[in-house]
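Working notes, structure below.
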Amino acid sequence: MPGFEIFGDEERKQVNDVLETGVLFRYGFDGARKGHWKAKTFEAELARRVGVEYAHLCTSGTAALSTAMAACGVGAGDEVIVPPFTFVATIESVLMAGAVPVFADIDETLCLSPEGIASALTPATKAVVPVHMCGAMARIDEIKEICDKKGLTLLEDACQSLGATYKGKALGSFGKAGCFSFDPVKTITCGEGGAMVTNDRHVYVAADAYADHGHDHLGSDRGAEDHLIIGTNHRISELNAAVGVAQLRKLDWILDVQRRNKAAIKAAMATIPGIDFRQLPDPDGDSATFLSFFMPDLETARQAVKTLAAAGVDGCFHWYDNKWHYIRKWNHFQTMQVAARLPVQTLSNCPDYGNIAMPGSDAIMQRAISMQIKLGWTPKQLEQRIQATVKALKTIV
Ligand SMILES: *Cc1c(COP(=O)(O)O)cnc(C)c1O
């Protein structure tokens, strides 16, 4: 996840285009902007890259998820199936829509499993939000099949998986809508930003309006525009979008480097008995931002991250003990600490998140470790990392 590693002349040039016109706003000022439409350019190039009809930029991946919920009509009274292993933003966006997050089990893909979804369905289920964690895919074809069969909205959180594909089709393009994040630790970054993509014209029009106070964006006189719906402000600025334009054009190079670095480490680790790797439904489509693997149990996993860190192998995450990505450490969801803005009804419909039994997911997450793959490693640093990793892990398994 190297967005933060790559700020160069291309990004500076794009930002300078904007600074030279002084038009930081994505809409209007047609004459003054001298032909620079950074948000529109980023959207067009992103849609082409992901292979969808429409992309709409937002201020963040979280804002893109909220926009997608609104545009897909997810709201009060609905249940939305989500995984317990994700960044909390996925869950926040369901709650902010007024819907109830229903947790279902993950499998060794580290993503929501079709079996987990099947057992979490109720008559109130409206949508399913698989999260393509750590750069790679859920069993998205099977998940799509369930959604199609049951008439559920499939909304993909692909915030961590730009550039990843399943059988050649981009993650984020399978559902009614897909979301990406361009925050500083994602595959590409624009400082802060996100995008919702879709092939559905109605979803796009609703998202485009929702993220800008309902504006219809017809014609060139902003003051004369009508409001299609009640919305909010999730607009990205031209400065952020400009950085994104430059970064997206580097995506193929980013993926190449990540895949090469990851393959080298994985090949060396595969020689260690007792270590298993994350299941990848389509290994060729992995964006390779992380190398995820399983230790035999909780204790060996805890020991492994310590031993790896002591051996100078940084960037290894044991998600089970991490406060950001797994439900067991989301203390604020367990007590439902909120600012006074969530509809009371939503809260009273939520189960007690502190006491949800998810033994299947716990058993997987207790053993899982992910190593962040960087772009900036020199061949020598990569070789040292490989040797230190193998040596450290062999002392444990
Ligand atoms: C980063 C992330 C988000 C939110 O993106 P922001 O741009 O940081 O708001 C949502 N879901 C997942 C899985 C993420 O990793």
Side-chain angles (χ1 to χ4, degrees), residues 25-28 37 39-40 42-44 46-48 50-82 89-90 92-101 124-130 144 147-148 151-159 170-182 193-237 241 341-343 346:
F25 193 56
R26 69 159 299 176
Y27 296 112
W37 297 89
K40 279 188 200 229
F42 190 3
E43 285 168 350
L46 180 68
R48 205 175 314 133
V50 177
V52 293
E53 290 289 322
Y54 310 102
H56 186 74
L57 286 173
C58 293
T59 44
S60 67
T62 309
L65 282 164
S66 281
T67 299
M69 298 281 165
C72 292
V74 176
D78 294 333
E79 291 181 0
V80 178
I81 296 178
V82 291
T90 319
E92 289 166 350
S93 68
V94 177
L95 287 168
M96 297 303 157
V100 172
T125 308
K126 163 84 179 186
V128 178
V129 184
K144 183 169 166 50
C147 291
D148 289 348
L152 304 173
T153 301
L154 173 59
L155 204 168
E156 294 169 84
D157 181 339
C159 282
L171 302 188
S173 71
F174 286 81
K176 192 158 192 174
C179 293
F180 296 100
S181 163
F182 312 117
M196 189 209 82
V197 299
T198 183
N199 281 311
D200 183 319
R201 170 123 197 111
H202 296 292
V203 170
Y204 169 69
V205 169
D208 176 69
Y210 179 78
D212 181 25
H213 308 294
H215 273 260
D216 62 17
H217 300 139
L218 299 174
S220 58
D221 178 4
R222 187 165 169 83
E225 285 175 1
D226 214 337
H227 299 91
L228 298 175
I229 49 175
I230 295 174
T232 185
N233 178 2
H234 290 321
R235 289 189 310 256
I236 196 159
S237 89
R341 61 181 285 209
L342 280 186
T346 302

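Note that the structure is a prediction, hence the values are computed from the model and not measured. The basis for the numbers below is simple: all heavy atoms, side chains too, and nothing from hydrogens, waters or symmetry mates.
By the neighbour-count criterion of 12 heavy atoms within 6.0 Å, atom NE2 of His227 is densely surrounded, having more than that number from other residues, nucleotides or ligands.
The structure places CG of Leu155 at 15.0 Å from CZ of Phe174, a figure rounded to the nearest 0.5 Å. Atoms SG and CZ, from Cys58 and Phe182 in turn, are 10.0 Å apart once rounded to the nearest 0.5 Å. With rounding to the nearest 0.5 Å, the separation of NZ in Lys176 from CG in Leu152 is 11.0 Å. Here NZ of Lys40 is found 11.5 Å from CG of Leu57. Values are rounded to the nearest 0.5 Å. One finds the OG1 atom of Thr67 at 4.5 Å from the NE2 atom of His234 (value rounded to the nearest 0.5 Å). Atom CD of residue Glu43 and atom OH of residue Tyr204 lie 5.5 Å apart, to the nearest 0.5 angstrom.
Considering all non-hydrogen atoms of both residues, Ala124 and Gly77 come closest at CB-O, 4.1 Å. In this structure, Ala99 and Gly75 approach most closely via the heavy-atom pair CB-O, 3.5 Å. Closest approach of Ala97 to Met69, counting heavy atoms only: CB-CB, 4.0 Å. Across Phe180 and Ala64, no two heavy atoms sit closer than the pair O-CB, 4.4 Å. Residue Val128 comes nearest to Pro130 through the heavy atom pair O-CD, 3.3 Å, listed as atom of the first residue, atom of the second, then distance. Contact between Cys159 and Gly61 at its shortest, heavy atoms only, is SG-CA, 4.1 Å.
Residues Tyr54 and Val203 are not in side-chain contact: their nearest non-hydrogen atoms beyond the backbone lie 4.5 Å or more apart. The shortest distance between side-chain heavy atoms of Met96 and Leu65 does not fall below 4.5 Å.
Among Leu95, Thr90, Val80, the one residue that satisfies the side chain to side chain contact (heavy atoms under 4.5 Å, CB included) test with Pro101 is Leu95.
Of the possible donor and acceptor atoms, none in the side chain of Glu156 sits under 3.5 Å from a partner among the backbone N and O of Leu171.
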Would you tabulate the side-chain donor-acceptor contacts of residues 207-215 under 3.5 Å, counting partners in other chains and residues two or more places apart, or write 'none'?
residue	atom	partner	partner atom	Å
Asp208	OD1	His56	ND1	3.4
Asp208	OD1	His217	ND1	3.3
Asp208	OD2	His217	ND1	2.6
Asp212	OD1	Arg222	NH2	2.9
Asp212	OD1	Arg235	NH1	2.7
Asp212	OD2	His217	NE2	2.5
Asp212	OD2	Arg222	NH1	2.9
Asp212	OD2	Arg222	NH2	3.2
His215	ND1	Glu225	OE1	2.5

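Contacts of Val52 classified as side-chain contact (heavy atoms from CB on, under 4.5 Å), with partners at least two apart in sequence or in another chain: Ala47, Val50, Ser173, Val197, Asn199.
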